[in-house]
Student: 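One structure follows; several queries about it will come next.
Each residue takes its place number in the sequence, starting with 1. Atoms within each ligand, like the ligands themselves, are counted from 1 in listed order. Only heavy atoms go into these numbers, but all of them, side chains included; no hydrogens, no water, no symmetry mates.
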Amino acid sequence: MHRVLILGGTSEGAALADKLSADPDFIPITSLAGRTREPKDVQGLLRQGGFGGVEGLVKYLKLEKVFAVLDATHPFATQITKNAFFACQIAKIPLARLTRKPWVAETGDDWDNVENIEQAVASIPVGSRVFVTTGRQELEPYFKRDDIWTLVRVIDMPAKKLELGTGKFIAGRGPFSVEDEVDLMRDYEVDLLVSKNSGGQSSYGKIIAARRLGLPVIMVRAPELNLGTVVCYSLHEASDWLQGFLH
Ligand code: NAP
C-alpha cells in the first residue's frame with residue numbers, strides 16, 4: 001500500500017480521495033489548509049493545517065513515507081503549489097497537479113477579464129450592486145469602495161463583524177444550481193458579478209446564471225506558475241499517472 005498525499009480543498013481533491021481509497025494499491029492522505037470551520041468529509045486519511053513552508057513539507061513527506069503527491073489545490077492557491085513543487089524536488093517524490101481548465105466565454109457572456117482582485121475592484125462602475133464570489137481572503141479592496149453595494153458570499157460567516165461599506169455577507173457552500181444562482185441575483189437586484197476564473201463544474205452555476213440574466217462579469221484570470229509540473233485534468237489521468245509508478 002502506497003501513501004499518496006493529496007493537497008486538497010477542492011471537489012476534485014475529494015473525488016480523488018474517493019477514487020484512491022477504493023484502490024488496494026494506495027492510501028490517500030488528504031491535506032487541508034484548515035481555513036474552513038467544518039470541512040466536508042473525505043475518504044481515507046485527513047490532516048489539517050500548514051506544513052511550515054517547503055522545509056516543513058519535505059519533513060512531512062519523509063516522515064510519512066509519502067510515495068507520490070497530487071496537488072489538487074484550487075487554481076488560485078499559488079503558494080502551496082510552489083511549495084509542493086520545491087518540496088517534491090528536494091525529497092525526490094513524484095508530483096502531479098490535478099487541476100481544471102479555465103472557463104472560456106461563450107455566446108451571451110459579457111466578461112471583462114482582469115489580472116487580479118485589485119484590478120477587478122477598480123473596474124467596478126460607481127453605483128453597482130455587485131455579487132462578490134472571490135473568497136474571504138481578499139476582501140480589503142472591496143471594503144475601500146463606499147460607492148458600490150456588495151453581496152459577498154463566503155463559506156463561513158466572519159467571526160467578527162467586518163467593515164463592509166454598504167452590503168451584506170451571506171454564507172453558502174457550493175455546488176449551487178443555476179436556478180438558485182438566478183434567484184439569488186434577482187432577489188438582491190445584483191447588476192454585476194465578480195468571479196475568479198476557477199474552471200470546473202462546481203462553481204459554474206453563477207456564470208450560467210449571469211449569462212441568463214444578461215449580467216456583466218468581471219473575471220479574474222488564474223495565475224500562471226509555469227513550474228513544469230505534470231498536469232492532469234481528470235481523475236482518470238491522475239490515476240493513470242499514479243499507476244505508472246507501480247510497475
Ligand atoms: P495558498 O495561499 O497557496 O497557501 C498559503 C499557505 O497555506 C501555504 O503556504 C500552506 O502553509 C497552507 N496551505 C494551503 N493549502 C494547503 C493544504 N491543502 N494543506 C496544507 N496546507 C495548505 O493557499 P490558499 O489560496 O489560502 O488556499 C488554501 C486552501 O483553500 C487550499 O487547500 C485551496 O485548495 C483551498 N481553496 C482556495 C481557494 C482560493 O481562491 N485561493 C478557493 C477554494 C479553495 P505552509 O506554508 O505552512 O505549509
Student: Are F76 and F131 linked, directly or through other ILVMFWY residues, by side chains that come within less than 4.5 angstrom of each other?
Tutor: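 In one cluster with F76: F131, no.
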
Student: In ligand 1, which numbered atoms sit nearer than 4.0 Å to a non-hydrogen atom of T78?
Tutor: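 In order of number, 3 (O).
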
Student: Work out whether the distance between some heavy atom of L57 and some atom of ligand 1 is less than 4.0 Å.
Tutor: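 No, L57 has no heavy atom closer than 4.0 Å to ligand 1.
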
Student: At a 4.0 Å cut-off, with the gap strictly under it, does some heavy atom of G49 reach an atom of ligand 1?
Tutor: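 It does; at least one heavy atom falls under 4.0 Å.
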
Student: Give me the other members of the hydrophobic cluster that V231 sits in, counting Ile, Leu, Val, Met, Phe, Trp and Tyr linked by side-chain heavy atoms under 4.5 Å, directly or via other members.
Tutor: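 Under the 4.5 Å side-chain rule, V231 groups with Y233.
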
Student: List the closest protein heavy-atom neighbour of atom 48 (O) of ligand 1: residue, atom name, distance to the nearest 0.1 Å.
Tutor: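 Answer, as residue, atom name and distance: F51 N, 2.7 Å.
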
Student: In the protein, which heavy atom is nearest to atom 47 (O) of ligand 1, and how far is it?
Tutor: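 For atom 47 (O) of ligand 1, the nearest protein heavy atom is G52 N, 2.9 Å.
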
Student: Minimum distance, heavy atoms only, to atom 23 (O) of ligand 1: which one of G34, A77, G53 is it?
Tutor: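 When every heavy atom of G34, A77, G53 is considered, A77 comes closest to atom 23 (O) of ligand 1.
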
Student: Taking only Lys NZ, Arg NE, NH1 and NH2, and the carboxylate oxygens of Asp or Glu, determine whether R129 and D191 approach each other closer than 4.0 Å.
Tutor: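 So R129 does not pair with D191 through a salt bridge.
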
Student: If you draw the axis of the six-membered ring of F176, does the NZ or CZ of R153 fall within 45° of it and under 6.0 Å from the ring centre?
Tutor: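 So R153 does make the cation-pi contact.
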
Student: When you measure from atom 11 (O) of ligand 1 to every protein heavy atom, which one gives the shortest distance, and what is it?
Tutor: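 Result for atom 11 (O) of ligand 1: G50 CA, 3.6 Å.
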
Student: So that I can tick it off, tell me whether E38 and R173 are bridged by a salt bridge, with the cut-off set at under 4.0 angstrom between side-chain N and carboxylate O.
Tutor: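 Salt bridge: no.
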
Student: What protein heavy atom sits nearest atom 35 (C) of ligand 1, and how far off is it?
Tutor: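 Its nearest protein heavy-atom neighbour is G9 O, 3.7 Å.
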
Student: For atom 40 (O) of ligand 1, what's the nearest protein heavy atom and its distance?
Tutor: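 The closest one turns out to be K196 NZ, 2.6 Å.
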
Student: Show which residues join I29 in its hydrophobic cluster (side-chain heavy-atom contacts under 4.5 Å, direct or indirect), or state none.
Tutor: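 Traced through the cluster, I29 reaches M1, L5, L7, I27, L45, F51, V54, L57, V58, Y60, L61, V66, V69, I80, F85, F86, I90, I93, L95, L225, L227.
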
Student: Going by heavy-atom distance to atom 24 (P) of ligand 1, choose the closest among Q79, H74, R35.
Tutor: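 Looking at heavy atoms only, R35 sits closest to atom 24 (P) of ligand 1.
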
Student: Is there a path of hydrophobic side-chain contacts, each under 4.5 Å between heavy atoms, that joins V194 and I170?
Tutor: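 They do not share one cluster, since no chain of ILVMFWY contacts under 4.5 Å joins V194 to I170.
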
Student: Looking only at atom types and distance, does a side-chain atom of R35 sit under 3.5 Å from a main-chain N or O of R136, one as donor and one as acceptor?
Tutor: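 Not confirmed, R35 side chain does not pair with R136 backbone.
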
Student: Near N83, which atoms of ligand 1 are under 4.0 Å from a heavy atom of that residue?
Tutor: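 It comes down to these atoms of ligand 1: 9 (O), 46 (O).
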
Student: Select one of side chain, backbone, both or neither to describe which atoms of R47 lie under 4.0 Å from any atom of ligand 1, heavy atoms only.
Tutor: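 Contact part for R47 vs ligand 1: side chain (C-beta onward).
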
Student: Does ligand 1 have a heavy atom under 4.0 Å from the side chain of Q137, from its backbone, from both, or from neither?
Tutor: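 Just the side chain.
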
Student: Below 4.0 angstrom, N of the basic side chain to O of the carboxylate: do E118 and K144 qualify?
Tutor: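 No.
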
Student: Considering both backbone and side-chain atoms of G8, is one of its nitrogen or oxygen atoms within less than 3.5 Å of a nitrogen or oxygen in ligand 1?
Tutor: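 Right, the criterion is met.
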
Student: In terms of relative ring orientation, are F67 and F245 parallel, tilted or perpendicular, with 30° and 60° separating the classes?
Tutor: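 The rings of F67 and F245 stand perpendicular, inter-plane angle above 60°.
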
Student: Inspect the contact between E179 and R212 and indicate whether a charged nitrogen and a carboxylate oxygen are less than 4.0 angstrom apart.
Tutor: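 Salt bridge present between R212 and E179.
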
Student: Tell me: protein heavy atom nearest atom 13 (N) of ligand 1, and distance?
Tutor: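 The protein heavy atom lying closest is A33 CB, 3.7 Å.
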
Student: If we only count N/O pairs under 3.5 Å, is S31 in contact with ligand 1?
Tutor: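 Yes.
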
Student: For I80 and ligand 1, does the shortest N/O to N/O distance drop below 3.5 Å?
Tutor: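 Yes: some nitrogen or oxygen of I80 is under 3.5 Å from one in ligand 1.
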
Student: Residue-level breakdown please: for T134 versus ligand 1, do any non-hydrogen atoms fall below 4.0 Å on the side chain, on the backbone, on both, or on neither?
Tutor: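 Answer for T134: neither.
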
